[in-house]
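What follows is a short report on a single structure.
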There are 2 protein chains.
Amino acid sequence: MAVKLRLTELEALAQAAECLRTLAHPHRLRMVQMLLQGRYAVGELAAACKLPTPMASEHLRLMQRCGFLTSEKEGRKVYYRVAEPHLKSILKCIEDRFGVTPASR
Amino acid sequence: MAVKLRLTELEALAQAAECLRTLAHPHRLRMVQMLLQGRYAVGELAAACKLPTPMASEHLRLMQRCGFLTSEKEGRKVYYRVAEPHLKSILKCIEDRFGVTPASR
DNA sequence: TTGACGTATCGGAAACTGTCGATATATTTG
DNA sequence: CAAATATATCGACAGTTTCCGATACGTCAA
């Protein structure tokens, strides 16, 4: 007699996979990690990742599209912040596994 | 004065991203979900995902390569099980966000 | 208006990924 | 031994992702 398994439906897993793929990039992880600790403009995030601004903008667009982030325009700057509350616990898991280093002390 | 941020080093984030990419596939998520609840042979996992066995084998190889799984050969079958303890909490986060449906009740 | 700044978008090249069919290996059975 | 079973690997193709340069857009200051 087979044991009954608790499984998520494949359709939901496909959605989850898409979100994970969006998260699965070193610069995007860094941006999320920053945004979980405050609100930042595109240029600030780009500088922190040592990326040209257009590429940072593109990464942010991807994360916004899957519901992770939202943006607010202020003057000529655009500030992003975390919109998906579960991001915090997911990043926590990742940090538990891969470590966290304070940037300066 | 800039607030000190708690950030993971980019190199570690690159490793994390690679692992997340490996996880970011509906069939692989399903397999991990099963393997967190027991030990399964390639054929059983393939059947549960409605995949040809060779493809299941390939997915399992990827997850083994990044340390998520280990395998034990028994006769002509190969049983896989979870090797990375953090997988459980990560899947928990994903299930919290995307829902879990018992396969049968 | 002009110019500078901050952000967004477009097009294309290179690299990577998922999938499939075919084949290979190892183990058990007859 | 040969045949059947279970898993693994290989080659190739289509599709996606990443990155970059160029360009476009919106806002502010002079």
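Labels below follow one simple rule: chain letters A, B, ... track the order of the sequence lines, proteins then strands, and each chain is numbered from 1. All values derive from a computational prediction rather than experimental measurement.
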- Task: Would you indicate what Tyr79(B) reaches in the nucleic acid, counting non-hydrogen atoms under 4.0 angstrom: base, sugar-phosphate, or nothing?
- Result: nothing
* Would you mind classifying the nucleic acid contact of Ala41(B) as base, sugar-phosphate or nothing, using non-hydrogen atoms under 4.0 angstrom? => sugar-phosphate
Exactly one candidate in Ser57(A), Pro54(A), Ser71(A) meets side chain to side chain contact (heavy atoms under 4.5 Å, CB included) with Val42(A); the answer is Ser57(A)
Whole-Å distance between [N] [atom2] and [X] [atom1]?
X: Met31(A); N: dT18(D); atom1: CE; atom2: P; result: 12 Å
X: Lys77(A); N: dC28(D); atom1: NZ; atom2: P; result: 12 Å
X: Lys50(A); N: dC19(D); atom1: NZ; atom2: P; result: 16 Å
X: Leu20(A); N: dT16(D); atom1: CG; atom2: P; result: 19 Å
X: Leu29(B); N: dG18(C); atom1: CG; atom2: P; result: 12 Å
X: Leu62(B); N: dC10(D); atom1: CG; atom2: C1'; result: 15 Å
X: Glu18(B); N: dT17(D); atom1: CD; atom2: C1'; result: 15 Å
X: Met63(B); N: dT7(D); atom1: CE; atom2: C1'; result: 15 Å

Quick check: are there more than 12 heavy atoms from other residues, nucleotides or ligands sitting under 6.0 Å from [atom1] of [X]?
X: Gln37(B); atom1: CD; answer: yes
X: Glu9(B); atom1: CD; answer: no
X: Glu74(B); atom1: CD; answer: yes

Expected string for nucleotides 19-30 of chain C under the B/S/- scheme (protein heavy atoms, under 4.0 Å, primed atoms plus P, OP1, OP2 as sugar-phosphate) is SS-----SBSS-
Short side-chain N/O contact from Arg21(B) to OP1 or OP2 of dT17(C), under 4.0 Å: yes
Could you tell me whether the phosphate oxygens of dA6(D), OP1 or OP2, come under 4.0 Å of any side-chain nitrogen or oxygen in Tyr80(B)?
-> no
Those stems involving DNA chain D that have three or more consecutive Watson-Crick or G-U pairs, both distances under 3.5 Å, are C:1-30 with D:1-30
Do Arg21(A) and Glu18(A) sit within salt-bridge range, that is, some charged N less than 4.0 Å from a carboxylate O?
no
The nucleotide from dT7(C), dA6(D), dT16(D) with an atom nearest the side chain of Ser57(A) is dT7(C)
From the candidates dT18(D), dT7(C), dA6(D), the one with an atom nearest any side-chain atom of Arg28(A) is dT18(D)
Closest non-hydrogen atoms of Leu13(B) and Pro26(A), given as atom of the first, atom of the second and distance, are CD1-O, 3.8 Å
Discussion item. Tell me if a side-chain donor or acceptor on Arg30(A) pairs with a main-chain N or O of Thr8(B) at a distance below 3.5 Å.
Written reply: yes
Test item: Arg28(A) side-chain N/O and Thr22(A) main-chain N/O as donor-acceptor pair under 3.5 Å = yes
Going through the distances and angles, do Glu95(A) and Arg6(B) end up as a salt bridge (charged side-chain N to carboxylate O under 4.0 Å, His left out)? CA-CA 10 Å; Glu95(A) 288 168 358; Arg6(B) 291 178 57 80; over 6 Å; no
